[in-house]
Amino acid sequence: FIQLYCEPLYRNGIKFGLLLVHRDITKEYEVDRMKSEFVSTVSHELRTPLASVLGFAELLLHRELKPERQRKYMTTIHQEARRLTTLINDFLDLQRMESGKQTYELKLLSLTALITEAVDMQQLSAPNHHIQVRHEAPSTIVLADRDKMHQVIINLLSNAIKYSPNGGQIDIVSGINHNQFYIRIEDHGLGIPTEAMKNLFNKFYRVDNTDRREIGGTGLGLAIVKEIVTKHEGKIEVQSEFGKGSIFTVTLPIAEQPNPIISEESNIAAWDETSIQ
Ligand code: ADP
């Protein structure tokens, strides 16, 4: 996009030329377009759960309802309000990360210990899923932000749980390949249709499929994972077969530290601490 500015030039009241300014405004135009797209997506995402909260609250206020019906409506209001909170928190987190305002506290971590911790946490909320962990390399040290890396594992693992049937098997394998640390999270659930793969890491993207309509989510989890992994100079890849299951693989550079002494309890090597923006 080009902006043209034209003005006649005068000397002693006589026009002697034209000032022509030619400016490339493609970038500004693109930023404006992204801003308005962003505002309309966000307001749509907020409006849907808010409409349910308002609708059910009005029914409760203005109708004589049986106690079990009241309870049903209150449960829906509670669920939708929780969904709104998650949506807003995830969204603000992502915004902060993308704008570069988020500080990453890089520390030497044992990722194997971090995986075990995340699995223990998720297993509590999904007791029927069989989550199996296998470390193909001894405790591996990466330079990473502990909370952010925890979030990556939790987001991927909770998706594997959400999008696979109750009692499903989930395998988490970690190891080293080509001097990179990898974490592979494999489920045998719904799988992802081929046409959805290219949009998977986009903000608010959710696969539109009848089976999934009932499954709660914000469509921000994978965008957050991608942002965090990229900031750690890592990569995220996905392989999936629709109806069969999915494999998400995160690769991260291994920290170059001679003989680090890691405390498995705290996951943190005591002596090294670095911060990046
Ligand atoms: P959501 O909050 O919807 O889970 P995500 O960004 O985490 O958002 O994921 C985006 C979409 O990708 C999901 O809505 C789901 O359709 C699909 N997806 C993510 N992980 C899996 C998985 N392990 N198996 C099947 N589909 C998945």
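Order of appearance sets the numbers: ligands from 1, and atoms from 1 within every ligand.
At a heavy-atom distance under 4.0 Å, only backbone atoms of Leu220 (N, CA, C or O) approach ligand 1.
Near Ile192, meaning under 4.0 Å from any of its heavy atoms, are these atoms of ligand 1: 25 (C), 26 (N), 27 (C). Distances below 4.0 Å separate heavy atoms of Leu200 from the following atoms of ligand 1: 12 (O). Close approach of ligand 1 to Lys162 is summarised as follows: ligand atoms under 4.0 Å from at least one heavy atom of the residue are 1 (P), 2 (O), 4 (O). Close approach to Gly191 involves these atoms of ligand 1, each under 4.0 Å from a residue heavy atom: 25 (C). Interface of Tyr205 with ligand 1, defined as ligand atoms under 4.0 Å from a residue heavy atom, comprises 10 (C), 11 (C).
Within the 4.0 Å heavy-atom shell around ligand 1 one does not find Phe201. Note on ligand 1: Ser246 sits in its first shell, one or more heavy atoms being nearer than 4.0 Å.
In this structure, Met121 and Ile154 approach most closely via the heavy-atom pair CE-CD1, 4.1 Å. Among all heavy-atom pairs drawn from Pro8 and Lys15, the shortest one is CB-CD, 3.5 Å. Scanning all heavy atoms of the two residues, the minimum distance from Leu220 to Phe91 falls at CD1-N, 3.7 Å.
Taking only nitrogen or oxygen atoms, main chain and side chain alike, Thr218 reaches within less than 3.5 Å of ligand 1. In terms of polar-atom proximity, Val207 is counted as a contact of ligand 1, with an N or O under 3.5 Å from an N or O of the ligand. Annotation: Gly219 places an N or O atom under 3.5 Å from an N or O atom of ligand 1; distance criterion only. For ligand 1, the polar-atom distance check finds no N/O of Leu190 at less than 3.5 Å from any of the ligand's N/O atoms. Looking at Gly217 next to ligand 1, no N or O pair under 3.5 Å apart turns up.
Side-chain atoms of His135 and Thr112 include no donor-acceptor pair closer than 3.5 Å. No side-chain donor from either of Gln95 and Asp93 sits under 3.5 Å from a side-chain acceptor of the other. Looking at Glu7 and Tyr5, their side chains do bring a donor and an acceptor atom within 3.5 Å of each other.
Aromatic pair His232/Tyr104: ring centres closer than 6.0 Å.
The existence of a salt bridge linking Glu227 and Lys203 is excluded, since no basic side-chain nitrogen approaches an acidic carboxylate oxygen closer than 4.0 Å. Checked for salt-bridge contact, Glu80 and Arg82 miss the test: no charged N lies under 4.0 Å from a carboxylate O.
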